[in-house]
Amino acid sequence: WLYLSASGFTFSSPTIRVKLTQEAAAPVTPVVAPTMAPATVPATKPIAKAITITCVKGKTSKKVTALKPVCPKGYIKK
């Protein structure tokens with residue numbers, strides 16, 4: 001986890017720059033897992049498709065595309 005705190009500056013100098021570095025670790029040797037038979041391969045989840053809805057506010061309409069689309073505030077689903 002990484003926690004950052006910005007203090008000791010005034011609004012006359014609003015730019016804050018953060019540089020995160022990490023030294024190179026020792027090389028890791030990969031562990032080879034035994035192969036599984038095709039019958040025991042776990043099933044993968046189906047990929048969810050994005051849904052498009054039309055939202056209306058007066059004469060203005062907006063199309064919203066997402067996995068679980070919601071109309072913006074003030075708009076009504078058509």
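Numbers here simply count residues along the sequence, with the first being 1. FYI, side chains are in, hydrogens and waters are out, and symmetry mates aren't considered; it's all heavy atoms of this structure. Since we're looking at a predicted model, the values are computed, not measured.
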In short, Val64 meets Pro72 closest at the heavy-atom pair CG2-CD, 4.1 Å
To the nearest 0.5 Å, tell me how far Ile53 CD1 sits from Lys78 NZ. 12.5 Å
So with a 6.0 Å cut-off around CG of Leu67, is the heavy-atom count from everything else above 12? yes
Tell me, please, which residues at least two apart from Val70 pass side chain to side chain contact (heavy atoms under 4.5 Å, CB included). none
Which residues pass the side chain to side chain donor-acceptor pair (under 3.5 Å) test with Thr52, not counting sequence neighbours? Thr65
